[in-house]
Trainee: 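Below is the structure I would like to discuss, written out as structure tokens.
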Amino acid sequence: MDHRVEFDFEITFTNGGGVQGQGFRLDIPGDDVGDAWIADAIVRDLRLLMVDEVRISSRRVFAEAHKRGVDRAPAADDARTLVDLSHPIIAGMTTYPGLPVPSIRPFLARGDSGGRYAPGVTFAMDIIEFCGNTGTYLDSPFHRHETGVDLAGLPLERLVDLPTVRVDVTGSASLAVDAVALLPYDVRGRAVLVHTGFDRHWRTDAYGRDNPFLTAAAAAHLVGEGAALVGIDSLNIDSTADPARPAHSILLGAGIPIVEHLTNLGAIPVDGACFTALPAPVVGTGTFPVRAVASFLR
């Protein structure tokens with residue numbers, strides 16, 4: 001039998017202000033839910049950001065059929081928009097302080113093509129050397145865990161046309177993105193792209209320090225809710241001050257790929273886009289640059 005809960009609530013926000021409600025109703029999985037479950041559900045359902053505290057009172061559980069929403073079918077004249085979420089790779093640039101910079105040099109220059117091909121036919125072939133952590137790149141589980149799957153073993157279902165949710169934390173005063181910031185979003189089976197705005201510092205000294213990051217609790221929430229992939233427009237998905245790297249450890253340990261150094265996330269909707277990030281299928285390697293792209297109907 002379906003159950004619902006009716007309750008009053010009071011919510012305060014980290015940036016000031018609050019909101020109250022009386023006689024609010026939610027679908028619940030059973031008649032034994034507690035205040036913490038209700039608080040998480042209301043933050044998620046109302047898609048509230050920067051929540052500080054949720055207080056529940058006057059709770060009443062009763063039997064009633066659950067309410068269902070209906071998704072909008074795409075219109076015939078909807079047009080598809082593509083957004084590049086990757087940083088270009090340029091010879092000599094720094095992605096992460098202390099890591100080798102990319103080197104690009106010719107193997108076959110156009111001026112050396114004479115005699116190899118028909119008259120007027122020339123080719124350019126380059127030798128490119130870079131660390132796997134260059135530009136916008138994807139981490140496979142092998143990057144952190146010795147027995148984890150490598151780039152070549154990643155299932156395409158985790159990399160191509162993933163339904164996407166953009167988690168907007170650009171207004172937060174804290175570098176730490178905690179689980180409460182994720183509660184308003186449906187992340188199951190989705191690419192969860194954490195939009196911090198830190199990409200504005202790309203290729204400046206500021207990009208190499210004090211980066212926004214996910215807490216261990218946030219990473220555990222994403223695992224528990226079944227996220228398919230997690231990305232961030234920051235130097236690192238972990239705090240560089242924490243050598244334990246909990247977000248990497250938790251997400252990659254659960255088989256969830258990570259994409260770091262994204263950019264241009266503000267150009268995609270919070271909901272309704274699809275995300276693709278394909279690395280070269282290199283055997284025995286855990287991280288590699290990607291062309292990360294979002295697509296959506298407008």
Trainee: With no hydrogens and no angle check, is any side-chain donor or acceptor of Asp238 less than 3.5 Å from a backbone partner on Thr240?
Mentor: no
Trainee: Report yes if some heavy atom in the side chain of Ile256 is under 4.5 Å from a heavy atom in the side chain of Pro141; otherwise report no.
Mentor: no
Trainee: For Phe107, is the CZ atom crowded, meaning more than 12 foreign heavy atoms sit under 6.0 Å from it?
Mentor: no
Trainee: Are Val83 and Val293 packed together at the side-chain level, in the sense that at least one heavy-atom pair is separated by less than 4.5 angstrom?
Mentor: no
Trainee: Is it true that the side chains of Arg190 and Thr164 contain a donor and an acceptor less than 3.5 Å apart?
Mentor: no
Trainee: Name every donor-acceptor pair, under 3.5 Å, that has one atom in a side chain of residues 168-181 and the other anywhere in the protein, sequence neighbours excluded.
Mentor:
residue, atom, partner, partner atom, Å
Asp168, OD1, Thr170, N, 3.0
Asp168, OD1, Thr170, OG1, 2.6
Asp168, OD2, Arg166, NH1, 3.4
Ser172, OG, Ser174, N, 3.1
Ser172, OG, Ser174, O, 3.3
Ser174, OG, Ala176, N, 3.1
Ser174, OG, Ala176, O, 3.4
Asp178, OD1, Thr215, OG1, 2.8

Trainee: If we ignore hydrogens and angles and just use 3.5 Å, is the side chain of Thr285 paired with the main-chain N or O of Val282 as donor and acceptor?
Mentor: no
Trainee: Given side chains that start at C-beta, do those of Thr204 and Trp202 come closer than 4.5 Å, heavy atoms only?
Mentor: no
Trainee: Would the distance check show the side chain of Glu260 and the main-chain N or O of Ile237 forming a donor-acceptor pair, the cut-off being under 3.5 Å?
Mentor: yes
Trainee: Is it true that, when you exclude Arg291 itself, more than 12 heavy atoms of the residues, nucleotides or ligands shown sit nearer than 6.0 Å to its CZ?
Mentor: no
Trainee: What do you reckon, is CG of Asn15 surrounded by more than 12 foreign heavy atoms closer than 6.0 Å?
Mentor: yes
Trainee: Output all residues satisfying ring pair (Phe, Tyr, Trp, His ring centres under 6.0 Å) with Phe213, sequence neighbours left out; order by chain, then residue number.
Mentor: none
Trainee: Taking 4.0 angstrom as the limit, do Asp126 and Arg105 come out as a salt bridge?
Mentor: no
Trainee: Could you pull out all residues at least two apart from Phe142 that satisfy ring pair (Phe, Tyr, Trp, His ring centres under 6.0 Å)?
Mentor: none
Trainee: Hey, are Glu6 and Arg4 close enough for a salt bridge, meaning a charged N less than 4.0 Å from a carboxylate O?
Mentor: no
Trainee: In sequence, state the C-alpha distance, the side-chain angles, and the governing distance for Asn211 and Phe198, and then conclude on side-chain contact (heavy atoms from CB on, under 4.5 Å).
Mentor: CA-CA 7 Å; Asn211 64 291; Phe198 197 68; 4.0 Å; yes
Trainee: Does one side chain, of Asp139 or Thr287, offer a donor that lies under 3.5 Å from an acceptor on the other?
Mentor: yes
Trainee: Roughly how far apart are Phe7 CZ and Ile28 CD1, rounded to 0.5 Å?
Mentor: 10.0 Å
Trainee: Side chains of Ile268 and Leu85: does their closest heavy-atom pair fall under 4.5 Å?
Mentor: yes
Trainee: Would you say Asp199's side chain and Thr263's backbone share a donor-acceptor pair under 3.5 angstrom?
Mentor: no
Trainee: side-chain hydrogen bond (donor to acceptor under 3.5 Å, both in side chains), that's the test. Do Thr196 and Asp233 meet it? Break it down for me.
Mentor: CA-CA 6 Å; Thr196 72; Asp233 58 350; 2.7 Å; yes
Trainee: Just so I know, are the side chains of Leu262 and Leu193 near enough to count as touching, which here means a heavy-atom distance under 4.5 Å?
Mentor: yes
Trainee: Would you call the rings of Tyr207 and His261 parallel, tilted or perpendicular if under 30° counts as parallel and over 60° as perpendicular?
Mentor: tilted
Trainee: Do the two ring centres, one from Phe130 and one from Phe288, sit under 6.0 Å apart?
Mentor: yes
Trainee: Could you tell me the separation between the CG atom of Leu252 and the CZ atom of Arg245, rounded to the nearest 0.5 Å?
Mentor: 12.5 Å
Trainee: Return the minimal non-hydrogen interatomic distance between Leu154 and Ser140, and the atom names on each side.
Mentor: CD1-CB, 3.8 Å
Trainee: Looking at NE2 of His3 and CG of Leu26, how far apart are the two atoms once the value is rounded to the nearest 0.5 Å?
Mentor: 14.5 Å
